[in-house]
Trainee: 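Quick one: this structure, given as structure tokens, is what I'll be asking you about.
These numbers come from a predicted model, not from an experiment.
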Amino acid sequence: MQETRSFPIGAPILELSNISLSFGGVKAITDTYFKIREHEIRAIIGPNGAGKSSMLNCINGIYKPQEGTIAFRGEVLAKINPNFIARKGISRTFQNLALFRRMSVLDNILVGRKLHMNANVLEVAFQLPRARREEKENRKKSEEIVEFLEIGNIRDTPVGKLPYGLQIIRRV
């Protein structure tokens, strides 16, 4: 029998207040409010054109709402951009897969962690200390992700050789 864990719903970790977004005369989002509490799962549903993707793009810093605020763990995020948001630990997945099919599962995870590296092209090319240190840390974190997802048996498999269903489920 599989163990089921229950986590208590905690304080709000993401709160959107009075978000509005327009494209020209088209209102994509109008005065929307919601919050997500720790250990809570929420879904944004609606028909095509209802503003679901626009809302996610506001949260991820791709769009800047004309009105309203977005707060993460109590901090109002004034200057939102995708890299800043990702460093805060906020991410999203897409319906379409964006994997490097010829690269291994582990290498795909490493690419996804690129935003955690600050070494420039020359530091990487000449394997200077900062580049080597960051590469070592990212490999360690990527191995932890493999262990957490329990995918050690496929870590070196090219993603394109995995069944499509496994690619979707694991989203490496």
Trainee: Mind checking whether Thr32 and Leu16 have side chains closer than 4.5 Å, heavy atoms only?
Mentor: no
Trainee: If I compare all heavy atoms of Pro47 with all of Lys52, which pair ends up nearest, and what's the gap?
Mentor: O-NZ, 2.9 Å
Trainee: Would you please test Glu135 and Arg139 for salt bridge (Lys or Arg N to Asp or Glu O under 4.0 Å) and show each step?
Mentor: CA-CA 6 Å; Glu135 175 70 17; Arg139 283 202 171 274; 3.0 Å; yes
Trainee: How many angstroms lie between CD1 in Ile145 and CZ in Arg113, if you round to the nearest 0.5 Å?
Mentor: 5.5 Å
Trainee: Is there a side-chain contact (heavy atoms from CB on, under 4.5 Å) between Asp107 and Leu110? Walk through the geometry before answering.
Mentor: CA-CA 5 Å; Asp107 287 337; Leu110 282 163; 3.8 Å; yes
Trainee: Can you find a heavy atom in the side chain of Arg42 that is under 4.5 Å from one in the side chain of Leu14?
Mentor: no
Trainee: For the pair Val105 and Val159, evaluate side-chain contact (heavy atoms from CB on, under 4.5 Å) and give the outcome as yes or no after the intermediate values.
Mentor: CA-CA 6 Å; Val105 170; Val159 169; 4.1 Å; yes
Trainee: Go through the steps to decide whether Lys27 and Ser20 satisfy the test side-chain contact (heavy atoms from CB on, under 4.5 Å), and finish with yes or no.
Mentor: CA-CA 8 Å; Lys27 293 183 178 183; Ser20 293; over 6 Å; no
Trainee: Can you confirm whether His116 sits close enough to Asn138 that some side-chain heavy atom of one is under 4.5 Å from a side-chain heavy atom of the other?
Mentor: yes
Trainee: If you look at every heavy atom in Lys88 and Phe72, which pair is closest and at what distance?
Mentor: O-CE2, 3.4 Å
Trainee: Give a yes or no on whether a salt bridge exists between Glu137 and Arg133, defined as a side-chain N under 4.0 angstrom from a carboxylate O.
Mentor: no
Trainee: Any donor and acceptor pair, going by atom type alone, linking the side chain of Glu144 with main-chain N or O of Lys141 inside 3.5 Å?
Mentor: no
Trainee: How far does CG of Asn108 sit from CE of Met103, to the nearest 0.5 angstrom?
Mentor: 5.0 Å
Trainee: Examine Met117 and Leu128 and state if one hydrophobic cluster contains both, with Ile, Leu, Val, Met, Phe, Trp and Tyr joined whenever side-chain heavy atoms are less than 4.5 Å apart.
Mentor: no
Trainee: Taking atom CZ of Phe23 as the centre, report whether more than 12 heavy atoms of other residues, nucleotides or ligands fall under 6.0 Å from it.
Mentor: yes
Trainee: After noting the C-alpha distance and the side-chain angles of Phe34 and Glu15, does the key distance pass the side-chain contact (heavy atoms from CB on, under 4.5 Å) rule?
Mentor: CA-CA 6 Å; Phe34 68 89; Glu15 189 166 357; over 6 Å; no
Trainee: Does the distance from a Lys or Arg side-chain N to an Asp or Glu carboxylate O, for Glu134 and Lys136, drop under 4.0 Å?
Mentor: no
Trainee: Could you pull out the closest heavy-atom pair between Asn120 and Arg130, with the gap in Å?
Mentor: N-NH2, 4.2 Å
Trainee: Atom CG of Asp31 and atom CG of Asn18: how far apart are they, to the nearest 0.5 Å?
Mentor: 4.5 Å
Trainee: Count I, L, V, M, F, W, Y as connected when their side-chain heavy atoms are under 4.5 Å apart, and connections chain through other members. Are Leu99 and Leu162 then in the same cluster?
Mentor: yes
Trainee: When rounded to the nearest 0.5 angstrom, what is the spacing between CG in Leu149 and CD1 in Ile151?
Mentor: 4.5 Å
Trainee: Of all heavy-atom pairs between Ser142 and Leu106, which one has the smallest distance, and what is that distance?
Mentor: CB-CD1, 3.7 Å
Trainee: Less than 4.0 Å between a side-chain N and a carboxylate O, is that true for Glu123 and Arg132?
Mentor: no
Trainee: Rounded at 0.5 Å granularity, tell me how far CG in Asn153 sits from CG in Asp156.
Mentor: 10.5 Å
Trainee: Testing the basics here: between Ile19 and Ile29, what is the closest heavy-atom pair and its distance to 0.1 Å?
Mentor: O-CG2, 3.3 Å
Trainee: Would you say Ile13 and Ile85 are hydrophobically clustered, going by side-chain heavy atoms of ILVMFWY under 4.5 Å?
Mentor: no
Trainee: Linking I/L/V/M/F/W/Y whenever their side-chain heavy atoms sit closer than 4.5 Å, directly or via other members, would Ile154 and Phe148 fall into one cluster?
Mentor: yes
Trainee: Please list every donor-acceptor pair under 3.5 Å in which a side-chain atom of residues 59-70 meets a protein atom from a residue at least two apart or in another chain.
Mentor:
from: Gln66; atom 1: OE1; to: Ser22; atom 2: N; distance (Å): 2.7
from: Gln66; atom 1: NE2; to: Ser22; atom 2: O; distance (Å): 3.3

Trainee: Looking at side-chain heavy atoms only, is the closest gap between Leu21 and Cys58 below 4.5 Å?
Mentor: yes
Trainee: Is it true that atom CZ of Phe126 has more than 12 heavy atoms of other residues, nucleotides or ligands lying nearer than 6.0 Å?
Mentor: no
